[in-house]
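Numbers for residues simply follow the sequence, beginning at 1.
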Amino acid sequence: MSLCEGLGCGSSLLWPRVLLFGDSITQFSFQQGGWGASLADRLVRKCDVLNRGFSGYNTRWAKIILPRLIRKGNVLDSPVAVTIFFGANDSALKDENPKQHIPLEEYAANLRSMVQYLRSVDVPEGRIVLITPPPLCEAAWEKECLAQGCKLNRLNVVVGEYASACLQVARDCGTDVLDLWTLMQKDGQDFSPYLSDGLHLSPKGNEFLFSHLWPLIEKRVSSLPLLLPYWRDVAEARPELSLLGDGDH
């Protein structure tokens, strides 16, 4: 007799998922103090937070791989929330960085296409959050470029155009959006402390992003129960009575 047969196992637990889809700012978000790690910590025993960040990727490549990450018909592929966070690479200057650069109109079309694909696999727009690229600190990023033997390959004003396009896609598609580019520069504040190298987030930037993203995620997960009972609530004499139910304790 197997262990499961002996205990009369209940049904498999369906663990809800939050999918983070983006470039390096998403990939690095599970580092210590990262915004993705903060989400995972906040949602422990309620959701799995899946990091699907791809350093250096743009929306042209993201649109191609998204169907490899999520498909229709599998309940595990129906996340309760999805973030789409691209633009830092798309907005690279064509003359200085043609491999990552994506024209503004195509960037918007690619974002729209990804939202439409998610709808087609039963992830409605109400579960989707678009995130604009953060502002670029040109002085700091130019140092990084020069250290790699190239010229400054991004400009903050150009990044702003891509952020505006992301906002428009969100309005057109009916998704939520986190306008990181505007929020970090609100009231003319110095946003350089939010960035580690002029482009990627510093610990302060990760904290800033999480503080603004959490309210958008929370409203999508607030009704989810803690999975499996608190340890003090487990029946001491017959723990299987507590542990083999539907998990909503």
Side-chain angles (χ1 to χ4, degrees), residues 16-44 46-53 59 62 79-91 107-108 111 114-115 118 123 125-137 140 156 159-224:
R17 299 181 177 197
V18 172
L19 178 67
L20 311 181
F21 186 42
D23 53 33
S24 58
I25 304 177
T26 296
Q27 180 175 319
F28 301 159
S29 74
F30 271 28
Q31 294 176 349
Q32 185 173 3
W35 60 273
S38 295
L39 271 179
D41 180 59
R42 187 68 63 90
L43 293 173
V44 69
K46 287 193 172 184
C47 286
D48 282 337
V49 178
L50 303 182
N51 187 327
R52 296 296 182 264
T59 55
V80 294
V82 178
T83 61
I84 301 178
F85 189 5
F86 289 94
N89 298 315
D90 298 69
S91 59
Y107 167 73
L111 286 179
M114 286 188 276
V115 172
L118 289 172
V123 181
E125 60 271 14
R127 298 184 189 179
I128 302 169
V129 179
L130 300 184
I131 306 176
T132 76
L136 178 81
C137 181
N156 191 39
V159 178
E161 294 174 357
Y162 284 72
S164 294
C166 180
L167 291 173
Q168 186 60 53
V169 171
R171 285 191 288 266
D172 294 344
C173 295
T175 72
D176 270 340
V177 63
L178 174 54
D179 186 1
L180 202 58
W181 190 85
T182 298
L183 286 170
M184 283 188 169
Q185 301 179 91
K186 190 176 182 180
D187 300 325
Q189 68 175 321
D190 177 16
F191 61 85
S192 61
Y194 293 132
L195 305 168
S196 62
D197 55 7
L199 175 67
H200 301 95
L201 299 180
S202 66
K204 185 175 181 180
N206 275 282
E207 183 179 351
F208 183 92
L209 194 163
F210 173 73
S211 69
H212 287 84
L213 178 61
W214 172 245
L216 300 177
I217 298 297
E218 184 180 26
K219 68 182 183 180
R220 292 165 168 81
V221 302
S222 60
S223 63
L224 295 176

What I want to check is whether the side chains of Asp172 and Gln168 have a donor and an acceptor closer together than 3.5 Å. yes
Hey, mind stepping through Val80 and Val18 against side chain to side chain contact (heavy atoms under 4.5 Å, CB included) and telling me if it holds? CA-CA 6 Å; Val80 294; Val18 172; 3.8 Å; yes
Verify, without hydrogens or angle tests, whether Asp48 (side chain) and Arg17 (backbone) share a donor-acceptor contact under 3.5 angstrom. no
Can you tell me if Asn51 uses its side chain to pair, donor with acceptor, with the backbone of Thr26 under 3.5 Å? yes
Between Tyr162 and Phe86 (judged by ring centroids, cut-off 6.0 Å), do the two rings come close enough to count as a pair? no
Side chain to side chain contact (heavy atoms under 4.5 Å, CB included) for Thr132 and Thr182? Distances and angles first, verdict last. CA-CA 9 Å; Thr132 76; Thr182 298; over 6 Å; no
Please work out which of the three classes, parallel, tilted or perpendicular, describes the rings of His200 and Phe28, given edges at 30° and 60°. tilted
Could you report the tightest heavy-atom contact between Leu195 and Pro135, atom names first, then the distance? CD1-O, 3.3 Å
Any residue meeting salt bridge (Lys or Arg N to Asp or Glu O under 4.0 Å) with Arg127, in chain and number order, not counting sequence neighbours: none
Side chain to side chain, Leu183 and His212, heavy atoms closer than 4.5 Å: yes
Check: Asp90 side chain, Thr59 main-chain N or O, donor-acceptor pair, under 3.5 Å: yes
First locate atom CZ of Arg52, then atom CG of Leu19, and finally report the distance between them rounded to the nearest 0.5 Å. 7.0 Å
Within this structure, what is the OG-CG distance for the pair Ser29 and Leu213, rounded to the nearest 0.5 Å? 10.0 Å
If you measure from SG on Cys166 to CZ on Arg171, what distance do you get to the nearest 0.5 Å? 10.0 Å
Less than 4.5 Å apart, any side-chain heavy atom of Pro193 and any of Lys204? yes
Strictly distance-based, threshold 3.5 Å: is any side-chain N or O of Ser202 a donor or acceptor partner for the main-chain N or O of Gly205? yes
Restricting to non-hydrogen atoms, name the atom on Ala40 and the atom on Val49 that form the minimum distance, rounded to 0.1 Å. CA-CG2, 3.6 Å
Can any side-chain N or O of Asp187 pair as donor or acceptor with the backbone N or O of Gln189 at less than 3.5 Å? no
Please find the pair of heavy atoms, one from Ala108 and one from Ala165, that lie closest to each other, and give the distance. CB-CB, 4.3 Å
Check whether any side-chain N or O of Asp176 sits under 3.5 Å from a backbone N or O of Val129 as a donor-acceptor pair, and report yes or no. no
How many angstroms lie between atom OG of Ser192 and atom CG of Leu136, to the nearest 0.5 angstrom? 11.5 Å
Check residues 30-39 and write down every donor-acceptor pair under 3.5 Å in which the side-chain atom is one partner and the other belongs to a residue at least two apart or another chain.
unit_1: Trp35; atom_1: NE1; unit_2: Ile25; atom_2: O; d: 3.1
unit_1: Ser38; atom_1: OG; unit_2: Gly34; atom_2: O; d: 3.2

Would you check if Trp214 and Leu43 make a side-chain contact, meaning some heavy-atom pair closer than 4.5 Å? yes
Could you tell me which non-hydrogen atom of Ala81 sits nearest to which non-hydrogen atom of Arg220, and how far apart they are? CB-CD, 3.9 Å
Using only atom types and a distance under 3.5 Å, with no angle test, would you say the side chain of Ser211 pairs donor to acceptor with the backbone of Phe208? yes
Would you please test Leu224 and Val221 for side chain to side chain contact (heavy atoms under 4.5 Å, CB included) and show each step? CA-CA 5 Å; Leu224 295 176; Val221 302; 3.8 Å; yes
Between Gln185 and Asp190 (side chain of the first, backbone of the second, donor and acceptor by atom type, cut-off under 3.5 Å), is there such a pair? no
Under 4.5 Å between any side-chain heavy atoms of Leu20 and Leu50, yes or no? no
Take atom CD of Glu207 as the centre, draw a 6.0 Å sphere, and report whether it contains more than 12 heavy atoms from other residues, nucleotides or ligands. no
CE-OH distance between Met184 and Tyr194, expressed to the nearest 0.5 angstrom: 7.0 Å
Atom CG of Leu130 and atom CD1 of Ile84: how far apart are they, to the nearest 0.5 Å? 5.5 Å
How would you list all residue pairs meeting ring pair (Phe, Tyr, Trp, His ring centres under 6.0 Å) that involve residues 167-190, not counting sequence neighbours? none
Please report the shortest heavy-atom distance between Met114 and Ala62, naming the atom on each side. SD-CB, 3.9 Å
Run the side chain to side chain contact (heavy atoms under 4.5 Å, CB included) check on Phe210 and Leu201 step by step: do they pass? CA-CA 11 Å; Phe210 173 73; Leu201 299 180; over 6 Å; no
I want to check something: taking the side chain as every heavy atom from C-beta on, are Phe191 and Asn156 in contact at a cut-off of under 4.5 Å? yes
